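Everything quoted here is computed from the prediction, not taken from an experiment.
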Amino acid sequence: YPHNYSTWPGRFGWSTSLHNNTLVVGAPFTGYNSGSVYIYEKDQDGPDQWGHVKNVGAFLSGGDEYGWSVSLYDDWLCVGSKSHNSNYGAVYIYQRNEGGTNAWGQTQKISPSDLVAYDWFGYSVSIYDNKLLIGKLGNIYFYELDNGTTWSEVDKFTSSDSYPGTYMGLSCSVTENYAVTVIENYA
């Protein structure tokens with residue numbers, strides 16, 4: 001756990017992602033639910049020890065729930081902030097060496113133009129190589145990495161058999177050849 005950290009209000013570990021020797025942990029309820037994300041590296045504090053490297057975060061306001069979802073692949077980190085901007089949501093993209101060695105600098109903030117209040121864009125995120133899936137209530141957005149620096153929307157998927165109380169996008173995963181999401185019914 002981070003130093004001087006109370007696990008109850010922040011929900012440290014609400015979201016996690018591990019790739020190679022890097023671990024990312026989300027705590028979306030820290031700081032009046034503004035949220036925080038912690039980055040750890042293996043062998044940082046000695047052999048076989050996981051040491052805290054950095055916290056990443058945008059300029060957030062209370063209630064953004066930054067860190068609700070996280071996904072890590074190689075030098076890319078995606079962080080969902082599902083309640084950003086009155087529950088429209090946003091996803092923040094970081095690159096490991098942006099701004100210096102292991103600086104994890106923010107390179108992009110993604111918020112599609114078709115969002116409405118309570119869409120919760122960023123409810124789920126998954127990154128693999130040059131592919132990125134982002135979930136919101138009812139949809140999955142597919143992004144690809146252009147020119148090695150910018151993530152651009154390629155497609156948006158909606159369930160063809162959705163009905164009231166059914167939600168697509170609450171979880172998602174992408175690999176080299178496949179993308180998957182879950183459709184849940186709360187009716």
Side-chain angles (χ1 to χ4, degrees), residues 1-42 44-45 49-112 115 117-128 132-137 141 143 145 149-153 169-172 174:
Y1 297 109
H3 299 289
N4 301 321
Y5 183 78
S6 170
T7 59
W8 168 244
R11 303 277 173 94
F12 179 83
W14 180 269
S15 57
T16 59
S17 187
L18 174 67
H19 189 263
N20 293 330
N21 290 327
T22 306
L23 170 66
V24 177
V25 180
F29 303 110
T30 58
Y32 300 101
N33 296 346
S34 61
S36 189
V37 171
Y38 303 84
I39 299 175
Y40 297 86
E41 292 284 342
K42 186 173 186 232
Q44 178 70 21
D45 293 335
Q49 300 294 313
W50 288 88
H52 179 248
V53 174
K54 176 173 181 118
N55 292 3
V56 293
F59 296 103
L60 303 169
S61 59
D64 278 358
E65 296 177 337
Y66 173 87
W68 182 270
S69 57
V70 296
S71 187
L72 175 69
Y73 184 82
D74 280 343
D75 293 334
W76 291 101
L77 168 62
C78 305
V79 178
S81 179
K82 75 167 185 75
S83 298
H84 174 73
N85 192 23
S86 301
N87 295 302
Y88 284 75
V91 170
Y92 297 85
I93 310 294
Y94 298 88
Q95 197 168 18
R96 182 185 307 268
N97 295 318
E98 179 70 24
T101 304
N102 286 323
W104 289 101
Q106 182 180 327
T107 61
Q108 194 171 347
K109 176 183 171 186
I110 301 174
S111 288
L115 295 179
Y118 297 98
D119 266 355
W120 289 348
F121 183 78
Y123 197 97
S124 60
V125 293
S126 180
I127 187 172
Y128 179 86
L132 170 63
L133 287 183
I134 301 174
K136 75 169 189 76
L137 291 184
Y141 291 76
Y143 289 78
L145 185 61
T149 59
T150 304
W151 293 89
S152 298
E153 185 178 332
L170 299 183
S171 64
C172 64
V174 65

Nearest-0.5 Å distance that lies between atom [atom1] in [X] and atom [atom2] in [Y]:
{"X": "Thr22", "Y": "Gln44", "atom1": "OG1", "atom2": "CD", "answer": "10.0 Å"}
{"X": "Cys172", "Y": "Lys136", "atom1": "SG", "atom2": "NZ", "answer": "13.0 Å"}
{"X": "Tyr40", "Y": "Asp45", "atom1": "OH", "atom2": "CG", "answer": "10.0 Å"}
{"X": "Arg11", "Y": "Glu65", "atom1": "CZ", "atom2": "CD", "answer": "10.5 Å"}
{"X": "Gln49", "Y": "Lys42", "atom1": "CD", "atom2": "NZ", "answer": "10.0 Å"}

Could you tell me whether a side-chain N or O of [X] sits under 3.5 Å from a main-chain N or O of [Y], the two making a donor and an acceptor?
{"X": "Ser17", "Y": "Leu72", "value": "yes"}
{"X": "Ser81", "Y": "Ala90", "value": "no"}
{"X": "Ser34", "Y": "Gly63", "value": "no"}
{"X": "Thr16", "Y": "Gly13", "value": "no"}

ask   = Do Lys82's NZ or CZ and the ring of Trp120 fall within the cation-pi criteria of under 6.0 Å and 45°?
value = yes
Closest non-hydrogen atom pair, [X] against [Y]:
{"X": "Tyr143", "Y": "Pro112", "answer": "OH-CG, 3.5 Å"}
{"X": "Gly89", "Y": "Ser111", "answer": "O-OG, 3.3 Å"}
{"X": "Phe121", "Y": "Val91", "answer": "CE2-CG2, 3.8 Å"}
{"X": "Asn20", "Y": "Leu18", "answer": "O-CD1, 4.1 Å"}
{"X": "Cys78", "Y": "Val125", "answer": "O-CG2, 3.9 Å"}
{"X": "Ser124", "Y": "Gly169", "answer": "OG-O, 2.8 Å"}

request  = Flag the pair Tyr88 / Tyr118 as yes when their ring centroid distance falls below 6.0 Å, and as no otherwise.
outcome  = no
query = Would Tyr123 and Trp68 count as a close aromatic pair, with their ring centres under 6.0 Å?
reply = yes
Going by side chain to side chain contact (heavy atoms under 4.5 Å, CB included), [X] matches just one of [options]. Which one?
{"X": "Tyr94", "options": "Val79, Ile39, Val24", "result": "Val79"}
{"X": "Ile93", "options": "Thr150, Leu132, Ile127, Leu145", "result": "Leu132"}
{"X": "Trp104", "options": "Asn55, Asn97, Leu77", "result": "Leu77"}

message = Between Ile134 and Ile110, is the side chain to side chain contact (heavy atoms under 4.5 Å, CB included) condition met? List the steps.
response = CA-CA 10 Å; Ile134 301 174; Ile110 301 174; 4.2 Å; yes
key: Aromatic ring pairing His19/Tyr73, orientation class (parallel under 30°, perpendicular over 60°, tilted between)   =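 Geometry flag for Tyr73 against His19: tilted rings.
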query = In terms of ring plane angle, is the pair Trp151 and Trp76 parallel, tilted or perpendicular, where the classes change at 30° and 60°?
reply = perpendicular
request  = Just do the side chain to side chain contact (heavy atoms under 4.5 Å, CB included) check on Val56 and Tyr66 with the steps written out, would you?
outcome  = CA-CA 10 Å; Val56 293; Tyr66 173 87; 3.6 Å; yes
ask   = In terms of side-chain heavy atoms, does Asn87 have a donor or acceptor partner in Ser83 at a distance below 3.5 Å?
value = yes
request  = Decide, yes or no, whether a salt bridge links Glu41 with Arg96 under the criterion of side-chain N to carboxylate O below 4.0 Å.
outcome  = yes
